[in-house]
Amino acid sequence: MSEHGGDRARAEAWLGQDPDPETRAELRALLDDPAALADRFGAKLEFGTAGLRGELGAGPNRMNRVTVMRAAAGLASVLTSRDDLRESSGGVSVVIGYDARHKSDVFAEDSAAVLTGAGVTVHLMPRPLPTPVLAYAVRHLGCAAGIMVTASHNPPRDNGYKVYWEDGAQIIPPLDREISTAIDAVGRVDELPRGTDWRVLDETVVEAYLRSLARLPLGTARDLTAAYTPLHGVGGAVLAQAFAWCGFPEPDVVAEQAAPDPDFPTVAFPNPEEPGAMDLALALGKGRDLVIANDPDADRCAVAAGGRMLTGDEVGGLLAEYVLRHTDGADRLVATTIVSSSLLRAIAAEHGVRHAETLTGFKWIMKAGTDRDRLVYGYEEALGYSVGGDDGVPVRDKDGIGTALMVAAMAASAKESGRTLLDLLDDQARRYGLHATAQLSVRVEDLSVIADAMARLRESPPGELAGRTVTEVDDLAEGLDGLPPADVVRLRLSDGGRVIVRPSGTEPKLKCYLEVVVPVTSSPEEARTRAAGDLTALREAMADALGL
């Protein structure tokens, strides 16, 4: 059988089990299009630690009802085969959440039907809600696992499927491989038993989440003016509830982006890090103390003050200092990833608490430390933060709602003293040196370019970069300092800077994370000007070193 014949046969078999009339119609129209069938059936979405994520459409290389039902059946197989989960969770139960993207509610109900049919107790969220509400609910309800149907800040055509384990954190290896193997063993989805008696939760689950946020160290200052955008996502209503519960004035919301809309009509890309995505919020926020944005599933939080966007590392440093000043105990732990600023290490040392660095991803941050540590704060430079108090972090994942509350508390406290978040950044620069970060990101058509660049860096690392001596080269390919193996190379520089190079885990990109540390000798602004020049030179030097 020809390659096209094989793809067509697989497509016709798919049509026989697909319960969705939309994808069936799409696929029938493509049966005589070899290229389209090869794209959909020549590969499949791979289940990993980030679950599944991809473009909506028919076939195993797309997000659709068949793909989702197979994922649910594979997860059910793993859950029902593990005695430890049945014993520790009082029976196997799963909570399912979903955002407002195209098909999210359908995928959530399909998952509920398949899991219920496999004998799993299922709790379904009452409406489209932020990812951190789902992550919180896993532990709150005592579930063995959680599912969140979301593609976070991906383009409108995408959707995804994230899995959390009983600790309320995203899964890590080898569990992802175990679930992936179980998914591969699933047969036709139209032969799967489907249940109907799942439980639809009510608003008490949201209220429990809000109560956990109200216990954060939010201080007493409440005089604050703020603008906010949920970027057409599901964060708006819950953030308004959170601010009201905790006594903060409700922010003014960007009207054009207030309602959930899976087409994200006002932005080219629904990610607050992308150019232009924050324009409407910044315009509304002129003259206000603070501008806040969530991404569409509200697990990330972006912040602007004084007319400029703060970087993820700047917010990360401010929140770290705030949390440590408002918590107590020698067992406190703060954690970040190896690609985030080294400023957190300096802050932790100043406050006498433990600091941990992990591989990229919040799933690793939540595993940092030991059983004796109390994680009170974790962050990654890509606008992800988990904020805590004396009880530790209430959400074991990125939490854009809790972060917005803590940023508001921090800004209101500063305002009470006649200061702003920008003043607090200057304070940190004077105390620790200015830690300035930037990225070099190179998109390629041919993945061998990335492999060649990484091999070149490992075989012949540079001795100096932009006038800074490379003092140490760390290759994480075999693991390092307790970190699992990863395709990462770290170059430590004189004067405290560093460069970390790794292939992107989600896109055909090579990413370099740059940092320089500049002492403040005259003013923070002068140091920022110097740092900007240093980062530009470092970016150019790294591009040359990688042959890009």
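Note that this is a predicted model, so its numbers are computed, not measured.
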Looking only at non-hydrogen atoms, find the nearest pair between [X] and [Y] and report the distance.
X      : Y      : value
Pro260 : Gly233 : CG-O, 3.5 Å
Leu216 : Gly389 : CD2-N, 4.2 Å
Leu134 : Val95  : CD2-O, 3.6 Å
Ala38  : Asp7   : CA-OD2, 3.4 Å
Ala169 : Met366 : CB-CB, 3.8 Å
Asp18  : Arg24  : O-NH1, 2.9 Å

Just by modelled atom types, is the [Y] backbone N or O under 3.5 Å from a matching donor or acceptor in the [X] side chain?
X      : Y      : answer
Thr337 : Leu359 : no
Asp263 : Pro265 : no
Ser386 : Val395 : yes
Arg70  : Ala185 : no
Asp33  : Leu37  : no
Asn64  : Gly59  : yes
Asp297 : Pro130 : no
Asp373 : Leu375 : no
Arg288 : Leu284 : yes
Glu274 : Phe269 : no

If we only count heavy atoms from C-beta on, is the [X] to [Y] side-chain gap below 4.5 Å?
X      : Y      : result
Val94  : Cys143 : no
Met63  : Lys103 : no
Arg157 : Leu56  : no
Leu318 : Leu310 : yes
Tyr164 : Thr131 : yes
Val488 : Ile338 : yes
Asp397 : Gln170 : yes
Ser441 : Leu510 : no

Go through the side-chain N and O atoms of [X] and [Y] and say whether any donor and acceptor fall under 3.5 Å apart.
X      : Y      : result
Arg396 : Tyr136 : no
Ser111 : Tyr161 : yes
Thr311 : Asp313 : no
Ser340 : Glu380 : no
Ser104 : Asn159 : yes
Arg300 : Ser152 : yes

Subject >> Step-by-step side-chain hydrogen bond (donor to acceptor under 3.5 Å, both in side chains) determination, Thr225 to Asp289 >> reply: CA-CA 5 Å; Thr225 59; Asp289 301 317; 3.1 Å; yes
**OP:** Please lay out, stage by stage, how Met125 and Val133 fare under the test side chain to side chain contact (heavy atoms under 4.5 Å, CB included).
**Re:** CA-CA 9 Å; Met125 284 291 179; Val133 180; 4.0 Å; yes
**OP:** Specify whether Tyr379 and Tyr385 have parallel, tilted or perpendicular ring planes, treating 30° as the upper limit for parallel and 60° as the lower limit for perpendicular.
**Re:**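 The rings of Tyr379 and Tyr385 lie parallel, inter-plane angle below 30°.
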Original post:
Is there a side chain to side chain contact (heavy atoms under 4.5 Å, CB included) between Val407 and Leu290 once you walk through the steps?
Top reply: CA-CA 9 Å; Val407 169; Leu290 193 62; 3.8 Å; yes
**OP:** Only pairs at least two apart or in different chains count here, so list each side-chain hydrogen bond (donor to acceptor under 3.5 Å, both in side chains) that has a residue in residues 36-61.
**Re:** Glu26-Arg40, Asp39-Arg62, Lys44-Glu46, Lys44-Asp184, Thr49-Lys363, Arg53-Asn154
**OP:** Report the distance from atom CD of Glu273 to atom CG of Asn271, rounding to the nearest 0.5 Å.
**Re:**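 Reported value, rounded in 0.5 Å steps: 5.0 Å.
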Original post:
Can you tell me how far the CD atom of Glu314 sits from the CG atom of Leu319, to the nearest 0.5 Å?
Top reply: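 Taking CD in Glu314 and CG in Leu319, the distance rounds to 12.0 Å.
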**OP:** Just do the side chain to side chain contact (heavy atoms under 4.5 Å, CB included) check on Leu141 and Leu201 with the steps written out, would you?
**Re:** CA-CA 11 Å; Leu141 297 172; Leu201 299 169; 3.9 Å; yes
**OP:** Quick one: do Trp245 and Leu213 satisfy side chain to side chain contact (heavy atoms under 4.5 Å, CB included)? Show the steps, please.
**Re:** CA-CA 9 Å; Trp245 272 52; Leu213 299 188; over 6 Å; no
**OP:** Flag the pair Asp167 and Lys367 as a salt bridge only when some basic side-chain nitrogen lies within less than 4.0 angstrom of an acidic carboxylate oxygen.
**Re:** yes
**OP:** Can you spot which of Asp110, Thr23, Asp20 makes a side-chain hydrogen bond (donor to acceptor under 3.5 Å, both in side chains) with Arg65?
**Re:** Asp110
**OP:** With Arg222 as the cation and Phe248 as the aromatic partner, state whether NZ or CZ is under 6.0 Å from the six-membered ring centre and within 45° of the axis.
**Re:**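 Judged by the rule, Arg222 and Phe248 form a cation-pi pair.
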Subject >> Glu178 atom CD, over 12 foreign heavy atoms within 6.0 Å >> reply: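 For Glu178, atom CD is crowded (more than 12 foreign heavy atoms under 6.0 Å).
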